[in-house]
Amino acid sequence: MEYKHKDIESRWQQKWQEEGIYRVDNSSDRPKYYVLDMFPYPSGAGLHVGHPLGYIASDIYSRYKRLRGFNVLHPMGYDAYGLPAEQYAIRTGQHPEITTRENTARYREQLDKIGFSFDWSREIKTCDPEFYRWTQWAFLRMFGSWYNRRTAKAEPIETLIAHLEKHGTEGLDAAQTRELDFSASDWAAMSDKERSDALMNWRLAFQANTMVNWCPKLGTVLANDEVSEGLSVRGGYPVEQKMMYQWCLRVSAYADRLLKDLETIDWSDSIKETQRNWIGRSEGAEMRFKVADSDVELEIFTTRADTIFGVTFMVLAPESAYVDMVTTPDRRAAVEEYVSAAKHKTERERMIDKKVSGVFTGAYAINPLTGKQVPIWVSDYVLAGYGTGAIMAVPAHDSRDYAFARHFDLPVIPLIEGADVSESSFDAKEGRMINSAGPELDLNGLEVKDAIAKTKEFIAAKGIGKVKVNFRLRDAIFSRQRYWGEPIPIYYKDGIPMPYEEALPLALPEVDKYLPTETGEPPLGRAKNWTTPDGYPLELNTMPGFAGSSAYYLRYMDPRNPEALVSPEANKYWRNVDLYIGGSEHATGHLIYSRFWNKFLYDLGVVCEPEPFKKLINQGMIQGRSNFVYRIKDTNTFVSHGLKDKYDTTPIHVDVNIVSNDILDLDAFRKSQPEYATAEFILEDGKYICGWAVEKMSKSMFNVVNPDDIVERYGADTLRLYEMFLGPLEQSKPWDTNGIDGVNRFIKKLWSLYFKGDTCLVDDSEPTPEALKSLHKLIKKVTADIENFSFNTSVAAFMICVNELSTQKCHSREVLSTLLIVLAPFAPHVAEELWHSAIGRPESESIVRDAEWPEFNEDYLKESTITMAVSFNGKARYNITVAPDASREEIEKTALEHEGAAKWLEGKTVRKIIVVPGKIVNIVVG
RNA sequence: GCCCGGAUGGUGGAAUGGUAGACACGAGGGACUUAAAAUCCCUUGACCAUUGCGGUCGUGCGGGUUCGAGUCCCGCUCCGGGCACCA
């Protein structure tokens, strides 16, 4: 029998599917294990070889866990709402649902060919009403909840209303949009509309007038993580800041829990660090500065309370409400001009324009510790959205304040001994304080750390301010002015937003065009009868992309449950994801929102674990490896890479699919484009060698490698092994087809252990000690490697083992069948085939379902003798062989009596002998 | 600017503080073959020596700890990633 991958793979894939061997139940005697991949957005381009990298790794792990006796949940689905399908719809008029259906079908076809062990009976799509009803449901739960800081959890809005009825805002400690202050009788006197507006201040899903990232080109608002450097992540269009009334999620309420619980989960340091940065906890103090000749008090936030004696001016954000309150009449015109100019700048313009700018308000603030007056300025380097939108400026110890002070010629007072502030500020939080003594507080001589603590204590005691923790994490803007997303289940009764609970799932309506209406309303404004049966208008915004992906891992536990997102039983059984594999680009988006969403559901008692993903592995990106041909200028002649420097050439991308091992297929090249039909070549050694470079894998670079092509040519098992062999899972690396032959050769070599032509070589001979040693070395290595996600070295271990068994001419059924079990997670098709055709296991049995992972036996690894290196002064000189249980003395004796020793001992004294049993003997001479 | 990673042959990459370069690609040589493909065998870090033994240097740079450092510590350089007028 020959190794025919096409025949083998399609046959087993079909059989596995018919028998439903990957279907998993919500109850089992076996322990549970949940392995999840980040589900893909089904784009029109289909999968390229980079996409399955993480899926292959998770599949290997799932299969391994199954063989180890776990009940493994390993589902797959589609993140089906997204911009590309909508933009395609705008261009062509094709309903995004059709586009999405076509794309998911194509994805499924591609995924199936690779032989994944997904339980497709649990497949979900975020655009399926039976799925998104639970996205909408969760949104309404958030709408109906507030965050009680006292109990540190979300509570039903009714408990808040009860509090307001009794005490007003008195004694309330809640996550909120802004500080509100009213009494129980005020509450009683409010109209329904006023109450609704007031409650928005506390709801976890709420509407607010906030500064949003508005992308005019996309016609929608974007969340912070959807914007990078002032451009939209999708499409790269400019984004401006705009005040809009929008739906938001109060993610910030959970900032401290999101930060603290990072310590409880097994994620990489880098992604935890990214989340820590994004959450941005900073401990500081809020302080009040009286404004001279006014009752206004400026509240500012600082992390450097110790530098209060160095305050030489104050700065307000242009958008700050203080600006209006403090500006003196004579300065008003100048200030208004500056503020309006700042407002008209986009975020990108503000970022590019790093020039120092600002305007004096005419007012002065009084330093509460010194009583001295300092001028109040307005500048756009202070952000309205962080802290209080006002700062005390300490130019000596803050580089931004320093730049401002130098530009406007304001005084700089150094506060730290030895700090040279003639050229730049001294920002480090270290050193001893100077110039820091006032009538009531003396910080001189203290270390910065102690000075901060002392100042905080002082201002708190004096009632000048309080200790405050600020977070950079913003509430997530939750409305999108787009069509292809989940409708927000809200209707408006006399202008009051009401939950539309009874309508769930609230299905996405049909529209004639996927564009905003003439009056500038979102596309849902075009839907006919987009009202409740009573005629109340429905919300026109849809939910953002992260909505559907925030709780999908819960739905897989119980995907067809019509009563609940997930039943308590199913949730208690599967709990949370044990292993999650996906790209690190979701660090500040999906992975934050999911954790937030899960914590909210945890507060509600819907889920039993406070974190959704116990362990997270970020697979690296697979980059493209582009090939180039070199055209001699103004000719149709192409020169091989090694000779190109002799000519004046232009490098041109050439399709990597007509290049093999960097050698160009000349005929295919001539046929690829009409203009190349008459191309001439200057060859080296009869070949045209292409140049190469690592670039993003994309159509425009002609470097897209399609997994189907690899599967067609080499088979899924080769693709799987090769993707793992490419390098460490978490590292980004270019796809390089050059090495794939080696892995394919390995499979053929493996096959030749079992078959020579049509003859089956497997027999019942007693395995030799060497064969058992090779096998158990492999079991030990692969077991450890899988646990550590070091799959590349596992593949190497297989190659070594097969080479050894092949040299030993091992035909033992015992050894060769165990080898297949170890290989099965990596290359399931060839393992299953040989399991039956060569080992002769019964038809009814499947290696992927019924085999048991072998335990390695240390005894087989023991050597009758062991080799140890003998070194002199640390440099190895010769080897000795000793018994494994040789005593220290025996080893030393053997080492010194070895014939090689004489040369090194000649005329020297032995000072010390270090023996590391089994490894090395170091003889220190001198 | 702050915070995380990383740097090893021609290439991708291996190495619980213990003989650096596993495994694979590529390259060179050979066998088989009319020939090619496929397959198999040998060589392959650099330099020196080569009749044979062998020797010297080598993990981005400079120090240190250690009998012994790719690995640990200190100080740099460069590359990748995250955050960023966040006070």
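Sequence lines set the chain letters: A, B, ... in the order given, protein chains first and strands last, and positions in each chain run from 1.
Note on A:L726: only backbone sugar-phosphate atoms sit closer than 4.0 angstrom, heavy atoms only; bases stay farther off. Residue contacts for A:N792: at a heavy-atom cut-off of 4.0 Å it reaches the sugar-phosphate backbone alone, with no base atom in range. As judged by a 4.0 angstrom heavy-atom cut-off over every strand, A:P734 is placed among residues making no nucleic acid contact.
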Protein and nucleotides 69-74 of chain B: nitrogen or oxygen contacts under 3.5 angstrom:
none

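The side chain of A:R276 places no N or O atom within less than 4.0 Å of a non-bridging phosphate oxygen (OP1 or OP2) of B:C83. Between A:N744 and B:A38, a side-chain N or O to OP1/OP2 separation shorter than 4.0 Å is absent. Applying the 4.0 Å criterion to OP1 and OP2 of B:A87, one finds that A:Y386 has a side-chain N or O inside that range. Within the 4.0 Å cut-off from OP1 or OP2 of B:G13, at least one side-chain nitrogen or oxygen of A:Q731 is found. Distances shown here put a side-chain N or O of A:S282 below 4.0 Å from the OP1 or OP2 atom of B:A87. When the side-chain nitrogen and oxygen atoms of A:R745 are compared with OP1 and OP2 of B:A38, none of them lie within a distance under 4.0 Å.
With A:D401 contributing its side chain and A:V394 its backbone, the two residues share a donor-acceptor pair below 3.5 Å.
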RNA chain B in dot-bracket form (Watson-Crick or G-U pairs under 3.5 Å, [ ] crossing, | inter-strand) is (((((((..(((.....[....)))((((((.......))))))((((.....))))..(((((..]....))))))))))))....
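The separation between A:D401 atom CG and B:G1 atom C1' is 14 Å, rounded to whole Å. To the nearest angstrom, C1' of B:C23 lies 16 Å from CD1 of A:I740. Residue A:L778 contributes atom CG, which lies 13 Å from atom C1' of B:C23 at whole-angstrom precision. In this structure, the NZ atom of A:K733 is 15 Å from the P atom of B:G6, given to the nearest Å.
In this view, A:K733 satisfies the side-chain hydrogen bond (donor to acceptor under 3.5 Å, both in side chains) rule with no residue, not counting sequence neighbours.
A:L415 has its side chain out of reach of A:F426: every pair of non-hydrogen atoms, C-beta onward, lies at least 4.5 Å apart. Looking at heavy atoms from C-beta onward, A:P318 lies in side-chain contact with A:Y338 at the 4.5 angstrom threshold. The shortest side-chain heavy-atom distance between A:L591 and A:Q275 falls under the 4.5 Å cut-off.
Taking atom P in both B:A46 and B:A22, the straight-line distance is 13 Å, to the nearest Å. Distance noted for atom P between B:G9 and B:G45: 13 Å (whole Å).
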